[in-house]
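What follows is one structure encoded as structure tokens, with my remarks underneath.
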Amino acid sequence: MEIIMAILAGLLFTTGVYNLLQKQLLRIAIGTALISHGAHLFILAMGGLKGGAPPILVEGIEQYTDPLPQALILTSIVISFGVTSFLVVLAYRASEVNGTDNIEELRGNDYE
Amino acid sequence: MLFAVLLPFLASIFIPFLAKWKDRIHTGIFVTLVPLVIFIYFIQFLGTGFQPETRSYSWIPSLDMNMNFYLDGLSLLFVLLISGIGTLVAFYSIYYLHKSEQLGNFYVYFLIFMGSMLGVVLSDNVFVLYSFWEFTSLSSFLLIGYWNHRRGSRYGALKSMLITVFGGLSMLGALVFMSVITNTASIQQMITEKSIILNHEFFPLIMGLLLLGAFTKSAQFPFHIWLPDAMEAPTPVSAYLHSATMVKAGIYLVARNIPIFADSEWFFVIVSGFGIITLMWASYMAVRQTDLKGILAFSTISQLGMIMAMLGFGTKVAIFAAVFHILNHATFKGSLFMVAGIVDHETGSRDIRKLGGLMTFMPITATLAILATFSMAGFPLPFLNGFYSKEMFFDATLDLESTSNALAGFMQQALPYLAVFGSIFTFVYSMYFFFGTFRGKAQISELPKKPHEAPIGMLISPAVLVAGVIIIGLFPELINKPFISHAAASIYGGEIDKHIYFWHGINLPLIMSIAVLAFGTILVLTRTKWEAIYRFIPGPLSMNKVYDGSVKRAETYSERITKTYMNGSLGRYFRLILGAILIITFGFMAATTGFEFNMAYSAEITLAEILVAIMMAVAAVGTILAKNRVAAIIILGVVGYGLAILFVIYRAPDLALTQLIVETVTVALFLMVFNHLPQLKMRKQAWSTKALNLIISIGFGALMTLVAISAHSSKWFDSISSYFVENSYKLGGGDNIVNVILVDMRGLDTLFEIAVLGIAALGIYGMVKLRSNKEEDA
């Protein structure tokens, strides 16, 4: 099963990167979200799936699923939420102020 | 001993505070005490019964980097020079630098230099030596650029930095080589295992790199060009760093490594060859200078070349003479720099064409100058130390070990003549320096200030040094046994029993000295006739043009290269970054067979997972194909909710809950914003761009898949997860292990995570709410 999940994570990365390479800001935001989904799945698949019961201590159960990747992913979900929402609002403001959502036209000034 | 090295660094911390009161008390007064204390501490080691000492202090034992200090005769000679001259220079600077200058900066740099220079000559560990070595380059850079409003200062500082750091890095290469093949970082250990280095296949490379470091630091031809430009520094700095101490670090390095390299014949050819060329070239160039400090700069270069040449000879006489000359050079050249500083300070000019006849105005300065210059010229008088070492130099050129190497044999034949040639010009510029400044017709009207004698404080330091010249000249045996012999013996590796006499009887070295005197006098008297030649050579051959050209070209080429890929297109940068990641990671994976495939730990496959996975895959591809904004956002939501279902299946209830909430909020946010964004347009893209994007993204996805599979397939060490399972309740008091990890065991991580969210929220608020004034008006 891990192989299938690894492939799915790879596919999420592929579609995410392809979206990122587009010019429209909305596409870029979507790409970022896809890449973070891919990363979460990636961590989960690396650590191994279904190693035991959910990591909540219950009397009598010895074997639990690895809690460490889950803790990492939980942090990551929250951070990527922050990043994605920041990016979405940034896209909104940038296109509103500059009148374009094409990043090739957002090139800074002549002094660079 | 550690304290002695660290004292200047410690003192430099307090300088900025002391500098606040510089109006009442000159900061230099405190600074003078630092080298004085060090000098008094180290002079106690002096004596005929001196034995090398080692002191070890742990610093980074795991990297074999320790503050192992090794104090032998050679180190002691340098330590006393650094602290002794340092005291005099610091004292001199009190009168030289006006209180209105930025004294804090100056003395901080000055002390950092002193400490690092002590570190260079005391460290036995090559990496510690290298660190201190680069610190001296750095402080030299800062001191040359001290008057940073002057263009010349900045140019000189940069030049010295580029050249000496280039050499320093080469030296680091050699040191790394040496420590790897001998498996030690200690120089003394390397000396005992020198056969490994000498017989190693990379030996020529090691020696070349090491000497590159020494030659750049000690301003040997053709790397000498930075030293004349370094004269932009305040004169105390020139006297200290660029004459007495720092430029001798290269000499020290060569001397320190002679026990290792001296058995190689090429060592003689290279070191003596470059040394003698430097001696001749720089003494010739010194004659052409018009700036007092310029003359002294080239003179320093040529004297360094002479010492370098003697170290290359490797004979008893030569090494003894080299050590003796290091000391002598420090005395007479240090005092001459101070004299030049006095002249500059009291007349406002250092241009020898404007100066002249100052003897009547500054009789004491002139007396000091005449003694020092005649010592430098090697004038045969029994109270001038310069003569002794010059005579020994001639003696050494005549008394070389026989060799079978043809080139070395030829050099041995030529050396005595070349030495005489270089010394003639040394004589000429010494006379030129003295007579041009203090004799002849005074041109008071040409000078910015009316010349007068310097204050007594300024005269003390050069007077002490000149007293040294005379004392060593009159009683050379005084410093021979307790001092010079030890230093020479630690280079030579055996006892050196040598006496210093003034009168050897009429022999070849004396005849050579007389020849120098005769030809030199003729050249001085007929100086005007030679000026055409002085002006003509070197002309376009100057190394400065090579330096300037290469710096300029490096700038233009790097600008051109940067412009080819930094064109402002973000997409292009991103493609380059990803492409580089792909090439490097795939390359490494292929080269190290990093990919691993092992299904032993694999979980079973169920239908539900397959269905969710297919749904997510279709949705992910759909985000690319969707032409409608809302559709793209909804499809993105499908991927996110799919992920939440997978979390449920994979026994991660917390993740599933969080993912559900976050996905809902994200989709809602996208939906709120999309209305303000233009419609998704399938912009016309070149077919090739599309293909490139596709290749990069598929490559990246494939890479991540391979990494995930290899990571899952290889178990190199036990997981640390069992710790959390066992201690969740014991330490955290919670049944939910994931929650305990987040809020308890990795609590700080979570705190910063919250901080990141807070910052993102503030940023979003700012972007939504705040408007610039212009927009509000509109």
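Residue numbers start from 1 in every chain, and the chains themselves are labelled A, B, ... in the order their sequence lines are given, proteins ahead of strands. This is a predicted model, so every value here is computed, not measured.
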Hey, is the main chain of [Y] close enough, under 3.5 Å, to the side chain of [X] for a donor-acceptor pair?
X	Y	value
A:Ser80	A:Ile77	yes
A:Arg93	B:Met767	yes
B:Ser714	B:Ser710	yes

Heavy-atom pairs under 4.5 Å with chain A: which of [options] has the most?
options	result
B:Gly640, B:Ala711, B:Ala620	B:Ala620
B:Ile610, B:Asp654, B:Thr658	B:Thr658
B:Ile720, B:Ile737, B:Leu669	B:Ile737

Let me know if [X] has heavy atoms under 4.5 Å from chain A in its side chain, its backbone, both or neither.
X	answer
B:Val621	both
B:Leu703	neither
B:Tyr729	both
B:Leu655	both
B:Leu578	side chain
B:Leu757	side chain
B:Leu706	neither
B:Thr689	neither
B:Leu742	side chain
B:Ile764	both

Checklist line | B:Tyr573 atom OH, neighbour heavy-atom count above 12 within 6.0 Å | finding: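 Atom OH in B:Tyr573 is crowded, with more than 12 foreign heavy atoms closer than 6.0 Å.
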Note to self: Just checking B:Arg746: does its CZ atom have more than 12 heavy atoms from other residues, nucleotides or ligands closer to it than 6.0 angstrom?
What the structure shows: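 Result for CZ/B:Arg746: open.
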Which answer fits [X], side chain, backbone, both or neither, if we ask what part of it has an atom under 4.5 Å from a heavy atom of chain B?
X	answer
A:Tyr64	side chain
A:Leu44	side chain
A:Ile4	side chain
A:Ala29	both
A:Ser85	both

Only pairs of heavy atoms separated by less than 4.5 Å count here; which of [options] has the most with chain B?
options	value
A:Leu11, A:Ile43, A:Val58, A:Leu34	A:Leu34
A:Val83, A:Leu12, A:Leu20	A:Leu20
A:Leu57, A:Val88, A:Ile28	A:Leu57

Check: Just by distance, with hydrogens left out, do A:Thr75 and B:Asp749 show a side-chain donor and acceptor under 3.5 Å apart?
Finding: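 Looking only at side-chain atoms, B:Asp749 and A:Thr75 do not form any donor-acceptor pair under 3.5 Å.
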Notebook entry, point to check: Is there a donor in the side chain of B:Tyr650 and an acceptor in the side chain of B:Glu609, or the other way round, less than 3.5 Å apart?
Noted result: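 Indeed, the side chains of B:Tyr650 and B:Glu609 share at least one donor-acceptor pair under 3.5 Å.
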Next item on the list: First locate atom CG of A:Leu74, then atom CD of B:Glu753, and finally report the distance between them rounded to the nearest 0.5 Å.
Entry: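 If we round to the nearest 0.5 Å, A:Leu74:CG and B:Glu753:CD are 7.0 Å apart.
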Check: When B:Gln659 is tested against each of B:Ile645, B:Thr664, B:Leu643 for side chain to side chain contact (heavy atoms under 4.5 Å, CB included), which residue passes?
Finding: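 It is B:Leu643; the other options fail the test.
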Taking all atoms of both residues into account, what is the closest heavy-atom pair of [X] and [Y], and its distance?
X	Y	answer
A:Ala94	A:Leu25	CB-CD1, 4.1 Å
B:Glu726	B:Lys730	O-CE, 3.9 Å
A:Ala6	A:Ala45	N-CB, 4.3 Å
A:Phe42	A:Ala9	N-CB, 4.0 Å

